[in-house]
Amino acid sequence: MASSPSVLLSSPPPTAKDGSRFIDSNYLQKQSHVPANFKWPEEDAASAQEELNAPVVDLEGFFNGDVVATENAAKLIRSSCLSHGFFQVTNHRVDADLIQLAYDHVDDFFNLPIEEKIKVQRRPGSPYGYSGAHMDRFSSNLPWKETFSFAFQNGPEKTVADYFKFTISRDFEQTGLVYQKYSEAMHSLSLSIMELLAIGLGVDRTLYREFFEDAVSIMRTNLYPTCQEPNLSLGTGPHCDPNALTILHQDLVGGLDVFVDNKWHKVRPVLGALVINIGDVFAALSNGIYRSCLHRAAVNSHKERRSLVFFMCPRADKVVKPAEELVRKSEGGTRKFPDFTWSDLLEFTQNHYRVNETTLENFTDWFLSADRSNFKPTHFKTSQ
């Protein structure tokens, strides 16, 4: 993992009391030119020219117990997951007022002075906390954004509410309650999507719902500031999510791109819809039958963008392995990936590797390596 030396900026970034320097959205949007460390290769940052014609799956029939509607929804999802791992859902039963309330609270945190935000800065090896352009982890191809991530576990303990109240400050007690409720809604929807994924794969309908019932997931808020040279940088670089399932709500500004048929496609925001994409953990659970979605986030010069992201992850010690019937259905009838746990994959992505489109393949090599300390990736991106 690369260290993060001083970033090449047109003017010095804000300095904390201890002398450390940090970058947030306020600083980025004042840059008239993209600093060198924020520039991405042309093949990664090239603008998408076409829109993706991805299915929008209506979940109303599923929730009402309509067998035919449920089968049709599962078929639509299966078709997308076999191709690119991306679809959107409507009538998902997540209250629109709750979604708006979650957005109302995004700026409460991001508008804090940098001194306050870095008090909850993400620690090495952890996916939780505040990050300004991931400067704490990387030194090049930096993302044009700031993020705030926190853990959610379904159960009687209000993990999100308590985190905001006791880790940030009591001033954020109401914010914590909002994100607690939002995370609970995302967890519930994720389990419903898991049922449809199981139906599409032809395994027991409850298989993945039960596997993820005690999930310890990651909730994240993103802020992408305006960029005066948006063709040179990215809000998030090309990658597949390492977790199992991601639920994204993007505002109407847009910026999400998905890689399909060897080119980038824009994803037009659909009012009231939630974006769903398959991650590496579920790709492994399906023995590679379903594809992890390769995507990125573009930036623009006219309006900042916000998004809410829920990353469903298995409990850290759950063993990720495909059902035997899926192994038999797979090409060659063999296992594509070894048994592993989420904590294994998290260690790899947090300490040894920057996620991209070949994370799962390189993780497999690392995981099976006799000398992990000297591991060198052998799988490289093909999205060029």
Hydrophobic cluster identity match, Met312 and Val309, side-chain contacts under 4.5 Å: no
Side chains of Met135 and Leu142 in contact at under 4.5 Å (non-hydrogen atoms): yes
Parallel, tilted or perpendicular: ring planes of Trp366 versus His352, cut at 30 and 60 degrees: tilted
CA sep, side-chain torsions, deciding dist, call: His187, Ser190, side-chain hydrogen bond (donor to acceptor under 3.5 Å, both in side chains): CA-CA 5 Å; His187 177 79; Ser190 296; over 6 Å; no
Check: Asp66 main-chain N/O paired with Asn64 side-chain donor or acceptor under 3.5 Å: no
Asp95 bridged to Lys181 by N-O distance under 4.0 Å: no
ring-ring contact (aromatic ring centres under 6.0 Å, His included) partner of Trp144, the single match among Phe38, Tyr224, Trp40: Phe38
CG on Asn26 to CD1 on Ile114, rounded to 0.5 Å: 8.5 Å
Donor-acceptor contact below 3.5 Å, side chain Ser183 vs main chain Tyr179: yes
His92 side chain to Met186 backbone, donor-acceptor under 3.5 Å: no
Of all pairs that satisfy salt bridge (charged side-chain N to carboxylate O under 4.0 Å, His left out), the ones with a partner from residues 322-336, not counting sequence neighbours: Arg335-Asp339
Side-chain donor/acceptor of Thr167 to backbone N/O of Phe164, under 3.5 Å: no
NZ/NE/NH1/NH2 to OD/OE distance under 4.0 Å, Asp317 and Arg315: yes
Phe311-Phe152 co-clustered via ILVMFWY side chain contacts under 4.5 Å: no
Backbone of Val56 reached by a side-chain donor or acceptor of Gln88 within 3.5 Å: no
Main-chain N/O of Arg122 paired with Ser126 side-chain donor or acceptor, under 3.5 Å: no
Donor-acceptor under 3.5 Å (Ser79 side chain, Lys75 main chain): no
Connected via hydrophobic side-chain network under 4.5 Å: Ile99 and Val160: yes
Rounded distance (nearest 0.5 Å) linking atom CD1 of Ile276 with atom CD1 of Ile247: 4.5 Å
Phe138 six-ring face occupied by Arg354 cation (under 6.0 Å, within 45°): yes
Within one Ile-Leu-Val-Met-Phe-Trp-Tyr cluster: Ile278 and Val355, side-chain cutoff 4.5 Å: no
SB check Glu51 Lys266 (cutoff 4.0 Å): no
Residues Lys119, Glu116: salt bridge by 4.0 Å N-O rule: yes
Approximate separation, where rounding is to 0.5 Å, of Asp44 CG and Ser233 OG: 11.0 Å
Worked check of side-chain contact (heavy atoms from CB on, under 4.5 Å) between Val258 and Leu294: CA-CA 6 Å; Val258 173; Leu294 176 57; over 6 Å; no
Chi angles and distances behind the side-chain contact (heavy atoms from CB on, under 4.5 Å) call for Asp97, Gln100: CA-CA 5 Å; Asp97 290 338; Gln100 184 56 56; 5.6 Å; no
Geometric cation-pi criterion, Arg296 with Trp264: 6.0 Å, 45°: yes
Thr358 side chain vs Glu361 backbone, donor-acceptor pair below 3.5 Å: no
Exam field: side chain Gln228 to backbone His33, donor-acceptor pair closer than 3.5 Å: no
Row check, Phe110 ring normal vs Lys117 NZ/CZ: under 6.0 Å, within 45°: no
Step-by-step side-chain hydrogen bond (donor to acceptor under 3.5 Å, both in side chains) determination, Tyr208 to Glu195: CA-CA 7 Å; Tyr208 302 126; Glu195 283 194 48; over 6 Å; no
side-chain contact (heavy atoms from CB on, under 4.5 Å) evaluation trace for Phe367 with Phe375: CA-CA 10 Å; Phe367 187 69; Phe375 170 77; over 6 Å; no
Flag, side chain of His295 to backbone of Cys293, donor-acceptor distance under 3.5 Å: yes
